[in-house]
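In what follows, a single structure is set out as structure tokens and then discussed.
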Amino acid sequence: LAQRMDGDEDLPREVEVPPNGIPDGAQHITPAMLPLVTLSQAQIDAIVARVPGGAANVQDIYPLAPLQEGMLFHHLMAEQGDVYLQDPLFGFDQRGKLERFVQALGQVVQRHDVLRTALHWEGLDEPVQVVWRDAPLVLQEERIDPDSTLDAEAQLRQRWDPRQIRIDLTQAPLMRAHAMRDEANQRWLLLLLIHHAVLDDTGMREMQREVLSLLSGDALADPPAQSFRHHVVQARRRVQDQQHEAYFRERLGTLDEPTLPYGLSDVQGEGRAVGGATRLLPGSLSTGLRMQARRLGVSVASLCHLAYAQLLGRVSGRDDVVFGTVLLGRMQSGAGADRALGLYINTLPLRVSLDGGVRRAAVQVHQDLAGLLRHEHAPLAWVQRCSGLDAGVPLVTALLNYRHAQAQTADAAGVPEALQGMALLAGEERSNYPFTLSVEDLGAEGLALSALVQEPA
């Protein structure tokens, strides 16, 4: 949820975060320097051996946040490709503008710990993330194949299709930059590969804001809003709270059947057989939803969750449905978390009964979403064990992501000169869930829906 719900005053307080024990210029890292993880000297040495520059280039080592663990699991399970590898494509009318964009992006990478992070898991009891002190973003130029029937844009996207390729998660930054000359359209193309394990939607927007600020000649605030290690400590400490187990057992303990829209149950999908569609809702419908939300004393997000539950009930043949909802994950992560880069979001199950009236159901959904916020860092895999489902039966097969976004305009009159001649050409979302709906709240512009549904075999 990209907004606060009632009951924020009951959210847990921050926990103390131990300081990083690795001094600048350290030539050797010992277990005593790592207060957030338990590693043997041999394990530390093996990790350091894979970092360019060795120990002197290791700034910190700490565990993964709950959702990062889930993304790593899907990465390791996939036979090819990576469903969490994002691939925005940009166009530039000059090579120099492309290079300045990549240089600015590299500066942002150096500013933020999470963008200089690599993941390690081999030979470890649990995976860790390793923050490099220096993680340069390298621009790789691609040559067009003159014998291909595809144009430059199609060639570049096909060559680095996340459905087919993956990046090495042990090497920071978890970002790659590929450029190609598009002679037919007199432009340069830039394809970025960015792993979702280090950036959520809020972080992506903040990263873009910083890049555009640098290109416009503006100075950036110093230091960055917050280190990602702060969030990791908050999230992992609260997972141990016994109140989590009591809450989810009370909500899910009687659940004995999953909600399977259209019978879809594969949550290990790799994003290759998924169809998508996007639609802007009519203005009258968006306005009507906001009026109804005010009349009922609930949020528009709550009404959208109820509508999605009703949809799932129809396509699964159930009047008691469970689906995943994306939580912003920043409510309990301390000052500055609203602007921090990193993966803060989490997915948790929402159970909705459809056998009552709409008014009562809307109020109940609103209250249940507020209740989920108090447990926003609980790992979904751990929550599944609190349900009455048999092992191996997926708790969540459908996902709703309600988020606030800014409407895009085509008016370039107010664009600074340094930003002219640049355009975002394409960017595709993917999900391992077979049935996903994103609701974009565009404020005065209304609501937009984006659906991703697994295609039949």
Relative to each other, are the rings of Tyr84 and His195 parallel, tilted or perpendicular (30° and 60° limits)? tilted
Would you say the side-chain atoms of Glu376 pair up with the backbone N or O of Leu328, donor to acceptor, closer than 3.5 Å? no
Note, Gln171 side chain near Pro52 side chain (heavy atom, < 4.5 Å): yes
Please enumerate all residues that pass side chain to side chain contact (heavy atoms under 4.5 Å, CB included) together with Gln158, with sequence neighbours excluded. Leu150
Could you go through the side-chain contact (heavy atoms from CB on, under 4.5 Å) check for Arg403 and Glu440 one step at a time? CA-CA 5 Å; Arg403 58 199 181 194; Glu440 305 281 357; 2.6 Å; yes
Ion pair Arg290/Asp441, N-O distance below 4.0 Å: yes
Which residues pass the side chain to side chain contact (heavy atoms under 4.5 Å, CB included) test with Thr170, not counting sequence neighbours? Arg50, His120, Trp121, Asp168
Are any non-hydrogen side-chain atoms of Pro258 and Leu389 less than 4.5 angstrom apart? yes
Side-chain contact, heavy-atom cut-off 4.5 Å: Asp125 with Thr38? no
Listed once per pair and sorted, the salt bridge (charged side-chain N to carboxylate O under 4.0 Å, His left out) pairs that draw on residues 392-401, sequence neighbours left out: none
With sequence neighbours left out, write down each residue that passes salt bridge (charged side-chain N to carboxylate O under 4.0 Å, His left out) with Asp368, or none if nothing qualifies. Arg251
Flag the pair Asp201 and Arg205 as a salt bridge only when some basic side-chain nitrogen lies within less than 4.0 angstrom of an acidic carboxylate oxygen. yes
Measuring from atom CD1 of Ile167 to atom CD1 of Ile194, what distance do you get when rounded to the nearest 0.5 angstrom? 9.5 Å
Assess, by modelled atom type and distance only, whether the side chains of Thr202 and Asp200 contain a donor and an acceptor separated by less than 3.5 Å. no
For Arg295, side chain to side chain contact (heavy atoms under 4.5 Å, CB included) partners two or more places apart: Gln292, Arg359
Does Gln41 use its side chain to pair, donor to acceptor, with the backbone of Ile29 at less than 3.5 Å? yes
Look only at the side chain of Asp82 and the backbone of His75, and say whether a donor-acceptor pair between them is shorter than 3.5 Å. no
Is a side-chain N or O of Ser40 found less than 3.5 angstrom from the main chain of Gln43, in a donor-acceptor match? yes
Is the shortest heavy-atom distance from the side chain of Leu255 to the side chain of Leu395 under 4.5 Å? yes
Arg229/Asp113 under salt bridge (Lys or Arg N to Asp or Glu O under 4.0 Å): CA gap, chis, key distance, verdict: CA-CA 8 Å; Arg229 78 192 304 271; Asp113 295 355; over 6 Å; no
Arg360, CZ: over 12 other non-hydrogen atoms inside 6.0 angstrom: no
Please confirm whether His231 and Phe228 have ring centers closer than 6.0 angstrom. yes
A side-chain contact here means heavy atoms from C-beta on lying under 4.5 Å apart; do Phe435 and Leu260 qualify? no
Qualifying salt bridge (charged side-chain N to carboxylate O under 4.0 Å, His left out) pairs with a residue from residues 311-325, counting only residues at least two apart or across chains: Glu257-Arg318, Asp320-Arg351
In the structure I gave you, are the side-chain heavy atoms of Glu69 and Leu72 within less than 4.5 Å of one another anywhere? no
Cut-off 3.5 Å, side chains only: do Ser299 and Ser302 have a donor facing an acceptor? yes
Step by step, work out the side-chain contact (heavy atoms from CB on, under 4.5 Å) result for Val322 and Thr397. CA-CA 9 Å; Val322 175; Thr397 59; over 6 Å; no
Note, Leu191 side chain near Asp87 side chain (heavy atom, < 4.5 Å): yes
